[in-house]
J.: 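Okay, handing you the structure first.
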Number of protein chains: 2
Amino acid sequence: MKTEICKVNEALNILVGKWKPVILYHLFHEGTLRFSELKRLMPEITQKMLTKQLRELEDEDIVQRVVYPQVPPKVEYSITEYGKSLEPVLNVMHEWGSAHAKHMKERRSKVSSY
Amino acid sequence: MKTEICKVNEALNILVGKWKPVILYHLFHEGTLRFSELKRLMPEITQKMLTKQLRELEDEDIVQRVVYPQVPPKVEYSITEYGKSLEPVLNVMHEWGSAHAKHMKERRSKVSSY
DNA sequence: CGGGATCCGCGCTGATACTG
DNA sequence: CAGTATCAGCGCGGATCCCG
């Protein structure tokens with residue numbers, strides 16, 4: 001049992017999963033969304049994956065799941081109070097990510113100009 | 001070809017890889033390290049993985065690789081000037097990650113007290 | 001010393017079909 | 001509508017061996 005000094009992985013593990021950042025983006029942006037609404041915002045994700053990633057985010061107390069007992073079923077997802085603490089992290093990553101995409105683009109054009 | 005609004009993945013893709021955060025942690029902390037020194041700091045990583053992840057970080061212009069043409073070989077790794085822009089990102093993730101670990105620990109102890 | 005080459009198992013991801 | 005169940009492909013990560 002080693003005391004890991006670097007807790008970056010702790011944050012990373014929450015975010016990895018091909019769709020989690022996008023799911024979180026939509027939930028932060030829209031507030032509350034039904035399952036089908038999330039699905040419509042991400043046409044390429046399968047139902048299985050959407051369910052799975054939402055469950056994982058729920059397990060981490062990032063996302064809240066509210067089931068309305070009615071027919072047809074209605075399930076709403078939103079960011080938990082605690083989950084909101086993730087927003088600055090996502091913003092920093094988003095901004096660095098944008099800058100990095102630009103950096104690499106310029107870099108490649110230099111390389112290809114040989 | 002869709003314009004992705006969420007660039008979090010852009011940052012994520014640089015960092016994922018089981019060992020990258022730890023590698024970066026050591027390089028930020030120590031400045032410059034030889035391959036064997038990195039290996040010693042992470043006894044569990046295999047040579048193959050260390051090489052691979054360093055290459056990937058090099059491709060992203062985060063890590064610099066300097067080969068000294070001598071026998072026995074000597075290769076030093078360090079963070080590039082550009083790579084230093086990653087430090088605040090890592091810090092934010094590290095801090096949130098630490099807080100999250102604590103949060104989940106407390107949360108679990110509550111749940112188990114049924 | 002700092003790699004490269006190869007083989008392999010496992011888990012993530014996806015496609016598809018079914019259900020309360 | 002919001003899932004669950006099952007099957008399959010593939011790439012990541014690891015183990016092991018070889019090399020300049």
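Naming: A, B, ... by sequence-line order, numbering from 1 per chain.
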J.: A:T80 side chain to A:I62 main-chain N or O, any donor-acceptor pair under 3.5 Å?
T.: yes
J.: What residues, two or more places apart in sequence or in another chain, satisfy salt bridge (Lys or Arg N to Asp or Glu O under 4.0 Å) together with B:E30?
T.: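 B:E30 satisfies salt bridge (Lys or Arg N to Asp or Glu O under 4.0 Å) with no residue once adjacent residues are dropped.
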J.: List in chain and number order the residues that pass side chain to side chain contact (heavy atoms under 4.5 Å, CB included) with A:V71, two or more places apart in sequence or in another chain; answer none if no residue qualifies.
T.: none
J.: Tell me whether the side-chain N/O atoms of A:K18 come closer than 4.0 Å to OP1 or OP2 in C:dG14.
T.: yes
J.: Roughly, in whole Å, what's the span from CZ in B:R34 to C1' in C:dC1?
T.: 7 Å
J.: Can you list, pair by pair, the side-chain donor-acceptor contacts under 3.5 Å of residues 34-41 of chain B, counting residues two or more places apart and other chains?
T.:
residue: B:R34; atom: NH2; partner: B:P73; partner atom: O; Å: 3.4
residue: B:E37; atom: OE1; partner: B:R34; partner atom: N; Å: 2.7
residue: B:K39; atom: NZ; partner: B:P43; partner atom: O; Å: 3.4
residue: B:K39; atom: NZ; partner: B:I45; partner atom: O; Å: 3.0

J.: Other hydrophobic cluster members with B:Y68, side-chain heavy atoms of Ile/Leu/Val/Met/Phe/Trp/Tyr under 4.5 Å, chained?
T.: B:V66
J.: Tell me whether B:M49 is reachable from B:L24 by hopping between hydrophobic residues (I, L, V, M, F, W, Y) whose side-chain heavy atoms are closer than 4.5 Å.
T.: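 Yes; B:M49 is reachable from B:L24 via cluster members.
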J.: List in chain and number order the residues that pass ring pair (Phe, Tyr, Trp, His ring centres under 6.0 Å) with A:W19, two or more places apart in sequence or in another chain; answer none if no residue qualifies.
T.: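 With neighbours one apart ignored, the set is empty.
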J.: Rounding to a whole Å, what distance do you find between B:K39:NZ and C:dG3:C1'?
T.: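 Rounding to the nearest Å, NZ of B:K39 and C1' of C:dG3 are 13 Å apart.
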J.: Can you list the residues that meet the ring pair (Phe, Tyr, Trp, His ring centres under 6.0 Å) rule with B:Y25, with sequence neighbours excluded?
T.: B:H29
J.: Roughly how bent is the helix from C:dC1-D:dG20 to C:dG20-D:dC1 end to end, in steps of 10 degrees, with each end axis from five pairs?
T.: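 The value is 50°.
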J.: Suppose the criterion is ring pair (Phe, Tyr, Trp, His ring centres under 6.0 Å): which pairs have a residue in residues 83-107 of chain A, not counting sequence neighbours?
T.: A:W96-A:H100, A:H100-B:Y82, A:H103-B:Y82
J.: Touch check for B:Y77, heavy atoms < 4.0 angstrom, all strands: base, sugar-phosphate only, or nothing?
T.: sugar-phosphate
J.: What pairs with A:E81 under side chain to side chain contact (heavy atoms under 4.5 Å, CB included), at least two apart in sequence or on another chain?
T.: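 A:E81 satisfies side chain to side chain contact (heavy atoms under 4.5 Å, CB included) with A:K84 only.
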J.: Who passes salt bridge (Lys or Arg N to Asp or Glu O under 4.0 Å) against B:K48, sequence neighbours left out?
T.: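 Result, salt bridge (Lys or Arg N to Asp or Glu O under 4.0 Å) vs B:K48: none returned.
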J.: Rounded to whole angstrom units, what separation is found between the CG atom of B:L38 and the P atom of C:dC1?
T.: 14 Å
J.: Looking at residues 48-67 of chain A, who's got a heavy atom less than 4.0 Å off DNA chain C?
T.: A:K48, A:M49, A:Q53
J.: For A:N13 and C:dC12, what is the distance between atoms CG and C1' respectively, to the nearest whole Å?
T.: 14 Å
J.: Atom CZ of B:F35 and atom P of C:dC1: how far apart are they, to the nearest Å?
T.: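 Whole-Å distance recorded here is 11 Å.
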J.: Let me know the distance between NZ of B:K74 and P of C:dG3, rounded to the nearest Å.
T.: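 After rounding, the reported distance stands at 14 Å.
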J.: Under 4.0 Å between a side-chain N/O of A:W19 and OP1 or OP2 of C:dG14, yes or no?
T.: yes
J.: Between which nucleotides of DNA chain D, read 5' to 3', does contact with chain B run, using atoms under 4.0 Å from its heavy atoms?
T.: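 From 5' to 3', the first and last contacting nucleotides are D:dG13 to D:dG20.
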